[in-house]
Visitor: 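Attaching a single structure in structure tokens format; questions to follow.
Quick caveat, the model's predicted, so the values are computed rather than measured.
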Amino acid sequence: MTKNPPIEKPTLEIETGESAEVAARLGAEVAARFGPRDEAPLSIVARDASGALIGGLNGVSHWRWLYVRHLWVSDAQRGRGLGGRLMEEAGRAALARGCIGVYIDTFDPRVADFYERAGFSRVGEIADFPPGGQRIFLSRRLR
């Protein structure tokens, strides 16, 4: 097996934004190995009778999994089942898209407990992210 010759003194540049070229090249390599992402956004919003936003969920499905990026419920609605309803609807939407699971992360251990009661399992944690806290990752297979 022949090794590639070393690159002599490459120039490194720090850019202020994300490089679309780097993302595209990595995306092409990953797609060649695992198939296309088939990425599709998902947003579910809850409004009260006056039309005010009281909760919502943003996510994206890719590789047959739904990632819930944001789940928010107003303080006045917490503890009343709205978060559970949003997650149930997200699960139905994920199934309709052919997804096999849902994954999510949180910085709040109480919120992680909420997800665990909804059938999610902890699959990882990063300590001190954010400083003094932890980022908790959870997933749930769909039936």
Visitor: For Gly35, is there any backbone N or O sitting under 3.5 Å from a side-chain donor or acceptor partner on Trp63?
Guide: yes

Visitor: Could you tell me the separation between the CD atom of Gln77 and the CG atom of Leu53, rounded to the nearest 0.5 Å?
Guide: 10.5 Å

Visitor: Hey, is the main chain of Pro131 close enough, under 3.5 Å, to the side chain of Asp128 for a donor-acceptor pair?
Guide: no

Visitor: Does any non-hydrogen side-chain atom of Val73 lie less than 4.5 Å from one of Leu86?
Guide: yes

Visitor: Might you work through the salt bridge (charged side-chain N to carboxylate O under 4.0 Å, His left out) test for Arg33 and Glu29, ending with a clear yes or no?
Guide: CA-CA 7 Å; Arg33 184 169 178 198; Glu29 285 185 24; over 6 Å; no

Visitor: Report yes or no: does Arg47 contribute a side-chain atom to a donor-acceptor pair with the main-chain N or O of Ile54 at less than 3.5 Å?
Guide: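 No: the side chain of Arg47 does not pair with the backbone of Ile54.
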
Visitor: Working note: Val45 + Trp72, criterion side chain to side chain contact (heavy atoms under 4.5 Å, CB included); need CA distance, chi angles, decisive distance, verdict.
Guide: CA-CA 9 Å; Val45 295; Trp72 172 79; over 6 Å; no

Visitor: Any side-chain heavy-atom pair from Met87 and Val68 closer than 4.5 angstrom?
Guide: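 Yes, side chains in contact.
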
Visitor: Any non-hydrogen side-chain atom of Ile100 less than 4.5 Å from a side-chain atom of Leu142?
Guide: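 Ile100 does not reach Leu142 side chain to side chain.
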
Visitor: With the side chain counted from C-beta on, respond yes when Ile104 and Phe137 share a heavy-atom pair under 4.5 Å apart, and no when they do not.
Guide: no

Visitor: Tell me, with the steps shown, if Val102 and Trp65 meet side chain to side chain contact (heavy atoms under 4.5 Å, CB included).
Guide: CA-CA 6 Å; Val102 178; Trp65 280 81; 5.5 Å; no

Visitor: So, do Leu66 and Leu42 sit near enough that their side-chain heavy atoms are less than 4.5 Å apart?
Guide: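 Yes; the side chains approach each other to less than 4.5 Å.
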
Visitor: Verify the cluster assignment for Val30 and Val22: are they in a single hydrophobic cluster under the rule of side-chain heavy atoms below 4.5 Å apart?
Guide: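 In one cluster: no.
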
Visitor: Search all heavy atoms of Ser43 against all heavy atoms of Asn58 and return the closest pair with its distance.
Guide: OG-OD1, 2.9 Å

Visitor: Between Tyr103 and Val123, is any pair of side-chain heavy atoms under 4.5 Å apart?
Guide: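 Tyr103 does not reach Val123 side chain to side chain.
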
Visitor: Restricting to non-hydrogen atoms, name the atom on Ala40 and the atom on Arg97 that form the minimum distance, rounded to 0.1 Å.
Guide: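 Here Ala40 and Arg97 meet closest at O-NH1, 2.9 Å.
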
Visitor: Does the distance from a Lys or Arg side-chain N to an Asp or Glu carboxylate O, for Arg92 and Glu89, drop under 4.0 Å?
Guide: yes

Visitor: Does Asp113 form a salt bridge (charged side-chain N to carboxylate O under 4.0 Å, His left out) with Arg110? I'd like the steps, not just the answer.
Guide: CA-CA 5 Å; Asp113 292 342; Arg110 293 170 302 161; over 6 Å; no

Visitor: To check you understand the geometry: which heavy-atom pair defines the closest contact between Gln134 and Ala127, and what is its length?
Guide: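 Scanning both residues completely, I find the closest heavy atoms to be CB-CA, 4.3 Å.
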
Visitor: For residues Ile136 and Ala112, report the shortest heavy-atom separation together with the two atoms involved.
Guide: CD1-CB, 3.8 Å

Visitor: Any sub-3.5 Å donor-acceptor pair from Arg135's side-chain atoms to Thr106's backbone N or O?
Guide: no

Visitor: Write down the atom of Phe114, the atom of Gly84, and the distance for their closest heavy-atom approach.
Guide: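 Residues Phe114 and Gly84, closest heavy atoms: CZ-N, 3.6 Å.
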
Visitor: If you round to the nearest 0.5 Å, how far is SG of Cys99 from CG of Asp38?
Guide: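 It comes to 10.0 Å.
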
Visitor: Is Val111 reachable from Leu57 through a run of I, L, V, M, F, W or Y residues, each pair having side-chain heavy atoms under 4.5 Å apart?
Guide: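 Both belong to a single hydrophobic cluster.
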
Visitor: Has Arg122 got a side-chain atom pairing as donor or acceptor with Glu116's backbone, closer than 3.5 angstrom?
Guide: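 No, because the side chain of Arg122 does not come within donor-acceptor range (under 3.5 Å) of the backbone of Glu116.
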
Visitor: Report whether Phe129 and Leu138 are members of the same hydrophobic cluster (ILVMFWY, side-chain heavy atoms less than 4.5 Å apart, transitive linking).
Guide: no

